[in-house]
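The structure appears right after this line, and notes come after that.
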Amino acid sequence: MSQTIFDAAGGEAAFLRLAHAWHARCLADPIVSHAFSHGYHPQHTERLAAYWAEALGGPPTYSASMGDETMVTKMHSGNGEHVEMDERAQVCFAQALDDARLPDDQRLRYTLKAYFRWATRRMAGYPDSPADVPMGLPLVQWSWDGPPDH
């Protein structure tokens, strides 16, 4: 059995550091910070860390106690097209990998960046209204080969 992305990254502590680092970079970015200008959950980074961790091979903490994919997607829907913001959020993510001191492993970092690009596109998939998001979306589990439909 091969090591999960979650384990290779350093487990829960690594994803918590990554979520904090990414969020800090987003808040400092003049374009991406707009996404947070109307407020956010007080445990945003902890919830984000649990979500990423679960999607990348960690424990089902997010889906067991915090929400599901439909809820997350609805939260990011109905905001119109925002390609520049998404691209800048991806740059913030790539920089946050260093800030969070994730392992300097080329395969790991490539996979994490690919996951974040994919997730960003998925979250932007319902620009018109949260009502367009289907119920019962699964939290997609990524492997080293990408999403299951890859």
Side-chain angles (χ1 to χ4, degrees), residues 1-9 11-12 14-27 29-97 100 102 107-150:
M1 179 177 211
S2 68
Q3 185 179 41
T4 65
I5 301 162
F6 170 79
D7 289 329
E12 290 180 25
F15 280 96
L16 188 55
R17 289 192 315 270
L18 180 58
H20 280 292
W22 179 76
H23 187 73
R25 285 212 173 252
C26 289
L27 291 177
D29 184 280
I31 303 296
V32 183
S33 62
H34 175 73
F36 299 97
S37 64
H38 301 294
Y40 46 90
H41 193 282
Q43 284 83 41
H44 171 72
T45 53
E46 292 82 2
R47 295 167 66 83
L48 179 60
Y51 177 82
W52 286 343
E54 183 172 340
L56 295 165
T61 305
Y62 188 85
S63 61
S65 63
M66 298 177 195
D68 63 11
E69 188 69 20
T70 295
M71 184 190 84
V72 173
T73 305
K74 282 180 177 277
M75 192 179 351
H76 291 89
S77 297
N79 298 308
E81 301 288 333
H82 42 75
V83 175
E84 181 182 13
M85 183 185 304
D86 292 347
E87 289 171 353
R88 291 182 68 145
Q90 291 173 36
V91 169
C92 289
F93 184 83
Q95 294 169 333
L97 295 172
L102 264 67
R107 181 178 182 217
L108 172 64
R109 286 176 177 240
Y110 174 84
T111 303
L112 289 169
K113 290 176 197 175
Y115 164 75
F116 193 80
R117 277 191 309 275
W118 174 87
T120 301
R121 284 193 305 272
R122 189 165 191 214
M123 292 298 149
Y126 301 93
D128 298 328
S129 171
D132 295 338
V133 178
M135 296 304 292
L137 291 175
L139 197 155
V140 176
Q141 303 289 307
W142 260 58
S143 72
W144 291 105
D145 297 322
D149 60 347
H150 186 254

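Throughout, numbering of the chain's residues begins at 1 and tracks the sequence.
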Legend entry - 4.5 Å side-chain heavy-atom contact, V91 and E87: no
Legend entry - Residues in side chain to side chain contact (heavy atoms under 4.5 Å, CB included) contact with H41, at least two apart in sequence or another chain: Q43, R47
Inset, instruction - Would you name the heavy atoms of L102 and R109 that are closest together and state the gap between them? - result: O-NH2, 2.8 Å
Inset, instruction - For residues D68 and L139, determine if any side-chain heavy atom of one lies less than 4.5 Å from a side-chain heavy atom of the other. - result: no
Inset, instruction - Just do the side-chain contact (heavy atoms from CB on, under 4.5 Å) check on W144 and L108 with the steps written out, would you? - result: CA-CA 8 Å; W144 291 105; L108 172 64; 3.9 Å; yes
Inset, instruction - Kindly write out the residues that satisfy ring pair (Phe, Tyr, Trp, His ring centres under 6.0 Å) with W118, not counting sequence neighbours, or none if the list is empty. - result: W142
Legend entry - Minimum side-chain heavy-atom gap L112-W52 below 4.5 Å: no
Inset, instruction - Kindly write out the residues that satisfy side chain to side chain contact (heavy atoms under 4.5 Å, CB included) with R117, not counting sequence neighbours, or none if the list is empty. - result: Q90, K113, A114, R121
Legend entry - Spatial distance of atom CG (D86) from atom CD1 (I31) [nearest 0.5 Å]: 12.0 Å
Inset, instruction - Not counting sequence neighbours, which residues clear side chain to side chain contact (heavy atoms under 4.5 Å, CB included) with Y40? List them please. - result: H23, L27, F36, H44
Legend entry - Donor-acceptor pair, side chain of W22 and main chain of A89, under 3.5 angstrom: yes
Inset, instruction - Verify side-chain contact (heavy atoms from CB on, under 4.5 Å) between M71 and M135, making sure each step is shown before the conclusion. - result: CA-CA 9 Å; M71 184 190 84; M135 296 304 292; over 6 Å; no
Legend entry - P148 versus V140, closest heavy-atom pair with distance: CD-CG1, 3.4 Å
Legend entry - Distance (rounded to the nearest 0.5 Å) between R17 CZ and T45 OG1: 13.5 Å
Inset, instruction - Find out whether L18 and F93 are in side-chain contact, i.e. whether some heavy atom of one side chain is under 4.5 Å from a heavy atom of the other. - result: yes
Inset, instruction - Apply salt bridge (charged side-chain N to carboxylate O under 4.0 Å, His left out) to R122 and list each qualifying residue two or more places apart in sequence or on a separate chain. - result: E69
Inset, instruction - Would you name the heavy atoms of D29 and V32 that are closest together and state the gap between them? - result: OD1-N, 2.8 Å
Legend entry - Audit row: E54, F6, side-chain contact (heavy atoms from CB on, under 4.5 Å) steps and yes/no: CA-CA 8 Å; E54 183 172 340; F6 170 79; over 6 Å; no
Inset, instruction - Using side chain to side chain contact (heavy atoms under 4.5 Å, CB included) as the criterion, list what pairs up with T61, not counting sequence neighbours. - result: A50, P59, S65, M66
Inset, instruction - Would you name the heavy atoms of F15 and A9 that are closest together and state the gap between them? - result: CE1-CB, 3.8 Å
